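Heads up: the structure comes next, in structure tokens.
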Amino acid sequence: MILYAAPIFLGAFLLFLVQPIIAKQILPWFGGSAAVWATCMVFFQMALLLGYAYADWTTRRLTHRRQVVLHIALLALSLLLLPIIPDAAWKPAGNEDPAWRILGLLAVTIGLPYFLLSTTSPLMQAWFAWRFHHAAPYRLFALSNLASLLALLFYPVAIEPWVTTATQSVSWSVIYGVFALLSIATAAVSIRNAGADKVDVPVAAGGRDADAVKPGLGQQLVWLTLAAMASFLLLAVTNHICQNVASLPFLWILPLTLYLATFIFCFDHPRWYRRNIFLVLAAVALPVMAWYSDSLDLKVAIPIYLGGLFVCCMFCHGELSQLKPAPRFLTTYYLMISLGGAIGGLLVGLVAPHLLSGYFELGIGLVACAALLLYRTFRIAWWAMLGCAAVVGATAWGAGKAIDYQVSDSRVMMRNFYSVLRTREYTEPVPFRSMVHGGIVHGGQLLDPDLRFAPSSYFGPNSGYGRMFASLPDAPRKVGVIGLGAGSIIAYARKGDTFRFYEINPQVVELARREFTFMADSPAKIDVVLGDGRLSLEREASQQFDVLAMDAFSGDSIPLHLLTREAMTIYLRHLKPGGVLAFQATNRFIDIAPVVASLAAEHGLTAVMISDAAGSEEGADYWISGTDQILVTSNRALLESGMIRDAGKAITAPAGFRIWTDSFNNLLHVLK
């Protein structure tokens with residue numbers, strides 16, 4: 001068995017190790033949003049589907065000899081495509097569909113190696129069952145998922161904190177070469193140890209289970225539905241977490257680890273899936289998840305989401321494991337599982353952003369899973385069916401409440417690849433309109449004509465921005481801002497000023513122009529550059545900004561590619577001598593102060609934190625938000641001005657803190 005187990009284990013390890021390696025490298029190119037990982041997952045699942053389809057087709061249609069020759073040729077060809085380093089030519093210009101560009105980039109960079117890795121488990125299991133007439137090769141499937149799980153656990157602990165992304169790609173490519181040679185050797189031995197009467201017939205023909213009944217279409221649809229449900233919930237829960245913290249590998253890996261663990265438990269041995277226990281747990285978890293699906297208290301919500309995801313995936317994969325066919329049909333079985341996984345991924349990654357106006361997919365998935373639970377308990381007993389019908393109702397009620405919360409409180413709701421955007425309006429005591437992404441306000445405007453240019457939200461008069469603008473000289477100022485939001489920072493614009501915004505999301509620009517008047521009525525010149533702010537600055541000649549502000553957000557998460565050594569070099573090229581870099585550091589989960597302080601110190605600059613709790617105080621104006629903002633400059637006169645000196649606190653990085661680069665960052669070190 002070791003001859004087949006070794007390539008299965010190594011192939012599965014590489015299959016899941018490459019996912020965070022490649023996704024982390026391209027994440028900064030596309031704005032750092034959670035949608036990048038969701039789109040990557042669509043590619044991974046589609047490639048897995050193609051790999052399983054290849055294994056199924058070649059097993060049923062080709063003789064073993066021809067199947068082996070074809071596979072060896074493809075493995076040899078894939079070695080010519082190494083190493084797996086994304087070409088910078090795929091960086092977006094700002095006017096294309098990011099999803100299709102990501103899919104094309106991944107296809108060119110890792111397409112064939114990933115495809116061949118995905119064929120390994122079903123193909124080797126089929127060869128194993130064919131050679132030894134083994135009735136139960138399914139434990140090899142559990143082995144492959146164990147290897148995948150180890151890869152995911154290995155990456156955030158032993159690779160991401162210590163190894164640069166370039167080294168990760170090269171090292172992975174070297175190990176892939178070893179895998180290819182091992183697979184070729186296994187294929188060669190498989191032919192050599194079989195007689196001519198065996199190698200010249202298809203693998204799926206004959207064997208101990210030659211008389212087994214082929215699973216019907218209805219059975220295959222059940223396989224597909226169970227697999228699709230688990231995949232759908234995996235991506236929906238991952239998106240929900242990442243959009244409110246940060247889209248980073250270890251936050252992608254947590255849900256994926258639980259998902260894979262359920263595969264391991266359910267396919268290793270029947271003792272792990274106790275049907276009566278997990279049906280009850282799923283019946284409890286689904287309505288609880290639905291009722292908390294609009295919660296921003298992530299310390300409570302994340303354990304509920306992750307625990308619920310584990311229970312629901314145990315239900316789906318446990319039911320799948322109980323429906324295993326005879327080994328003769330295992331490639332078809334795996335094909336339907338992978339097709340279901342791909343469908344679930346497509347629905348969340350590509351369909352939902354185009355068809356749904358809000359983040360409704362998590363609630364929809366929970367209701368669908370409850371309905372699937374009802375279907376699978378239909379024949380147990382009348383009371384079980386009645387209980388599951390109540391679960392469907394309770395889950396639908398909770399999901400509907402969460403969806404209604406998003407819709408009923410919104411003037412406008414829009415969605416695309418990058419985000420869901422809404423505007424809300426408040427009337428008492430003073431009319432105020434805000435722009436919201438997820439549950440986070442991204443600026444707003446007072447609606448009273450006499451107050452529409454009054455500072456608000458994160459730009460109050462006592463915030464870091466407010467104190468900085470009050471302390472700058474009276475001369476005309478050129479201000480660059482990465483992230484437009486509602487345009488609230490324009491409240492500080494004066495005649496003769498130029499404010500140049502860099503915004504990746506075209507819907508933000510559309511909403512800022514339609515729902516707010518800052519841009520139309522400003523006395524300053526307002527420019528908007530569409531595209532990722534860092535990439536746009538990288539392409540431009542020096543703008544000689546007096547102020548360059550980093551105010552880009554995705555939900556409450558921070559695009560970390562804006563906080564690296566390479567990004568800092570770009571910023572300083574665009575800054576006048578004595579100019580100011582301003583970083584929005586307001587966040588519930590991440591403390592970027594040591595990151596910014598280390599970057600400032602490397603260039604001999606001073607970093608000052610200005611915190612404004614005014615918006616959090618009882619009786620405070622509700623349109624002013626509490627803020628933490630960091631100013632970085634060499635301008636001593638500005639730092640010594642009264643407004644900044646009185647509120648600013650110089651910050652330094654802890655001893656031994658490693659500067660973030662495009663090849664290295666470690667979010668775990670800066671979690672609050």
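Atoms considered below: every heavy atom in the structure, side chains included; atoms not considered: hydrogens, waters and symmetry mates. Please read all numbers here as calculations on a predicted model, not as lab measurements.
Between the side chains of Asp628 and Ser611, at least one donor-acceptor pair of N or O atoms lies under 3.5 Å. For the residue pair Tyr359/His240, the side-chain donor-acceptor check at 3.5 Å is not satisfied. Asp662 and Thr564 share a side-chain donor-acceptor pair at under 3.5 Å. Side-chain contact check for Asn416 and His354: no donor-acceptor pair (N or O, by modelled atom type) lies under 3.5 Å. With hydrogens and angles left out, the side-chain atoms of Arg500 and Tyr502 include a donor and acceptor closer than 3.5 Å. Between the side chains of Gln19 and Tyr114, a donor-acceptor pair is found at a separation under 3.5 Å.
Under a 4.0 Å N-O distance rule, the pair Asp497/Lys478 does not qualify as a salt bridge. The pair Glu515-Arg424 fails the salt-bridge criterion, with no side-chain N (NZ, NE, NH1 or NH2) lying under 4.0 Å from an Asp/Glu carboxylate O. Using a cut-off of 4.0 Å between Lys/Arg side-chain N and Asp/Glu carboxylate O, Arg534 and Glu540 are scored as not salt-bridged.
With hydrogens and angles disregarded, a donor-acceptor distance shorter than 3.5 Å links the side chain of Gln445 to the backbone of Thr517. Using a distance-only test at 3.5 Å, with no hydrogens or angles considered, a donor-acceptor pair links the side chain of Arg101 to the main chain of Trp90. Without hydrogens or angle criteria, Asp532 side chain to Leu535 main chain gives a donor-acceptor distance under 3.5 Å. In terms of modelled atom types and a separation under 3.5 Å, the side chain of Ser456 and the main chain of Gly444 share a donor-acceptor contact. A donor-acceptor pair is defined here as one N or O able to donate and one able to accept, closer than 3.5 Å; no such pair exists between the side chain of Glu361 and the backbone of Val348. A distance-only check finds a donor-acceptor pair linking the side chain of Ser542 to the backbone of Arg573 [under 3.5 Å].
Here the closest heavy-atom approach between residue Gly345 and residue Val42 is recorded as O-CG2, 3.3 Å.
Tested against Tyr465, the residues Phe459, Phe583, Tyr458 include a single ring pair (Phe, Tyr, Trp, His ring centres under 6.0 Å) partner, Phe459.
Between Leu421 atom CG and Leu511 atom CG the span is 6.0 Å, to the nearest 0.5 Å. The CD1 atom of Ile490 lies 11.5 Å from the CZ atom of Phe516; values are rounded to the nearest 0.5 Å. Here the straight-line distance linking atom CG of Leu306 with atom OG1 of Thr238 works out to 8.5 Å at 0.5 Å rounding. Summarising the geometry, atom CG belonging to Leu530 is positioned 8.5 Å from atom CG belonging to Asn505; distances are rounded to the nearest 0.5 Å.
A search for side-chain hydrogen bond (donor to acceptor under 3.5 Å, both in side chains) contacts involving Gln45 returns Ser231, not counting sequence neighbours. Tyr259 meets the side-chain hydrogen bond (donor to acceptor under 3.5 Å, both in side chains) test with no other residue; sequence neighbours excluded. A search for side chain to side chain contact (heavy atoms under 4.5 Å, CB included) contacts involving Thr661 returns Arg565, Glu566, Ser663, Phe664, not counting sequence neighbours.
The shortest side-chain heavy-atom distance between Ile302 and Leu254 does not fall under the 4.5 Å cut-off.
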Criterion ring-ring contact (aromatic ring centres under 6.0 Å, His included) on Phe518 and Phe453, from CA distance to verdict
CA-CA 7 Å; Phe518 290 115; Phe453 271 91; 5.8 Å; yes

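Between Phe499 and Tyr492, the gap from one ring centroid to the other reaches at least 6.0 Å.
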